[in-house]
2 protein chains.
Amino acid sequence: MPPSRSGRSQRRTDALSRERIVEAAVELLDAAGESGLTFRVLTERLATGPGAIYWHVANRGELLAAATDAVVDAALAAEPAEPTPQARIRALASSLFDTIDAHPWVAAQLSGSSWQAAAPRILEVVGRQVGALGVPEANWFTVTSVLVQYIFGAASQEAANSDVLDDRATYLDAVATTWSQLDPDAYPFIRTIAPQLRDHDDREEFLAGIDLILSGITAQYPPAG
Amino acid sequence: MPPSRSGRSQRRTDALSRERIVEAAVELLDAAGESGLTFRVLTERLATGPGAIYWHVANRGELLAAATDAVVDAALAAEPAEPTPQARIRALASSLFDTIDAHPWVAAQLSGSSWQAAAPRILEVVGRQVGALGVPEANWFTVTSVLVQYIFGAASQEAANSDVLDDRATYLDAVATTWSQLDPDAYPFIRTIAPQLRDHDDREEFLAGIDLILSGITAQYPPAG
DNA sequence: ACCTGAACACCGTTCAAGT
DNA sequence: ACCTGAACACCGTTCAAGT
């Protein structure tokens, strides 16, 4: 038993706090998705009544936002150390992709939350690299938005995929089968790419998209200027 | 009173059908967003009990998907007639953007639904133009995915924006104010672009993103080959 | 085959009451 | 200031019963 540091106010049952609530929320969300975050199970987990939680948190939406912030902050904690802005943008995108892979419920939060909450953090960190890319200041907002919106869009898709089934191969097989049964006259393109769906790697595909956008940026805003 | 076309089975109160249910669902969603679609008000509107609806539709999720399909199908009904594949992609993206502006609840459905349901329709119609662009067949899936994921991501953002407040200017002012109050040392980039946020036009910004991706495609897959 | 509507098992949120 | 827990007003969904 460790000696108590400050004689008084030593508690072995940690007090309820916003932090502990958010932490428990993240655990529930990770374990069971968005619908897994319930005040019932949250109160049970924290051994209190709902009123106690509402003392620290305005409502379910705010709790969801706080959980998202916590996870995104952790993802962006380390500054990317790569040598070029392109590589740093790739690294940031990678890290956000991995975060959403680990916490799929974050994706819906991010895409549904407009330019508030966690978005400024992401915008900031991506935007700095857009500046470093040599994009003229007048276009910073546009270019950064495009990158971030692509990241959110792809991340949502990835999250939706990973939600559906644990067995990815089985899932992709099922989709590819559905696709190959579509009317060939109405869906010639889909039928052609069905095999590509089966083989594709989400992460690689995602980064290929980042590269595509980066080369569009280079084409439209040549660095030499 | 018009003469009855087929003597028997003429009804003046139209029978309940999947179509009528989906139609009513779209109206409710348009009027009050995703949380506005409730079996309570749906049964009231259609003057039945919940069981009647469950006879035609498996559950709320399927109904939401069917409503999304209906709206997306309408948006893609007209083939784009523009002269170049680039212009046709722009036109498709525009039309999807407008659809989501009119039915913001569609955005969350599309980004949360993986490669099933409405996605194949969109993939097909965008993908054909990617083919016309001269992208090698091996990259069709990747390139089309990037475009569609960007469209979904940007659309979600737009939907989130339009959900928050009817008065767009007031909303953007509020966000810009929040941004300008962030710690300048931690958020130098955000502070720089805050005025750009105030002035920007979502639709223009969105299409600028499409153009950026299109020029990335041209750079990576030059048409002359 | 299709519809009715009461009932079930949940939700998020509130609030008087306690300490 | 912080916590308790019963109660309220909702949900989606089911199912025996009707036609």
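Convention: sequence-line order gives letters A, B, ...; per-chain numbering from 1. Predicted model, so just to flag it, every value in this text is computed and none were measured.
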Upstream residue (5' side of DNA chain D) when B:Ser35 and B:Ala58 are each assigned their closest nucleotide: B:Ser35

Aromatic ring pairing B:Phe39/B:Tyr54, orientation class (parallel under 30°, perpendicular over 60°, tilted between): parallel

Contact nearer the 5' end of DNA chain C, comparing B:His56 with A:Val41: B:His56

Sugar-phosphate only, base, or nothing, as touched by A:Thr43 at under 4.0 Å among non-hydrogen atoms: nothing

B:Phe39 CZ - D:dC11 P separation (whole Å): 12 Å

Nucleotide C:dG12, atom P - distance to CG of A:Leu64 in whole Å: 11 Å

Spacing of A:Asn59 atom CG relative to C:dC11 atom C1', expressed in whole Å: 14 Å

Flag for A:Ser111-A:Ser156: side-chain donor and acceptor within less than 3.5 Å: yes

Which residue lies more 5' along DNA chain C, comparing A:Leu37 with A:Gly51 via nearest heavy atoms: A:Leu37

Among D:dC3, D:dT13, D:dA6, the nucleotide that comes nearest once only the side chain of A:Leu16 is considered: D:dC3

Contact summary for B:Val22 and B:Ala70, nearest pair of heavy atoms: CG1-CB, 4.2 Å

Nearest listed nucleotide, side chain of B:Pro50, among D:dG12, D:dA6, C:dA6: C:dA6

A:Arg40 side chain, from C-beta outward: closest of C:dT4, D:dT14, C:dG12: C:dG12

Closest approach of A:Pro80 to A:Arg88 (non-hydrogen atoms, all atoms of both residues): O-CD, 3.5 Å

Full working for side-chain contact (heavy atoms from CB on, under 4.5 Å) between A:Ile151 and A:Ile122: CA-CA 10 Å; A:Ile151 292 171; A:Ile122 296 174; 5.7 Å; no

Whole-Å gap separating C1' (C:dC2) and CD1 (B:Ile21): 11 Å

Distance in angstrom units between A:Arg18 CZ and D:dA1 C1', rounded: 17 Å

Which nucleotide in D:dC3, C:dT13, D:dT13 has an atom nearest any side-chain atom of A:Ala52: D:dC3

Nearest-Å distance for atom pair OH/C1', residues B:Tyr54 and C:dA7: 14 Å

Pairing annotation in dot-bracket form, given for DNA chain D with Watson-Crick or G-U pairs under 3.5 Å and | for cross-strand partners: ||.|||||...|||||.||

Touch class at under 4.0 angstrom, heavy-atom based, for A:Leu46 against every strand present: nothing

Carboxylate-amine/guanidinium proximity below 4.0 Å for B:Glu23 and B:Arg45: no

Touch class at under 4.0 angstrom, heavy-atom based, for A:Leu63 against every strand present: nothing

Single hit among A:Leu64, A:Val71, A:Val106, A:Thr68 for side-chain contact (heavy atoms from CB on, under 4.5 Å) with A:Leu29: A:Leu64

Residue A:Thr48, side-chain heavy atoms: nucleotide from D:dC3, C:dT14, D:dG12 that is nearest: D:dC3

Check ion pair B:Arg40-B:Glu44 (N to O, under 4.0 angstrom): no

Interatomic distance where CD1 belongs to A:Ile53 and C1' belongs to C:dC15 [whole Å]: 16 Å

Whole-Å distance separating the CG atom of B:Leu42 from the P atom of D:dC11: 12 Å

Phosphate-side-chain proximity, A:Trp55 and D:dC3, N/O vs OP1/OP2 below 4.0 Å: no

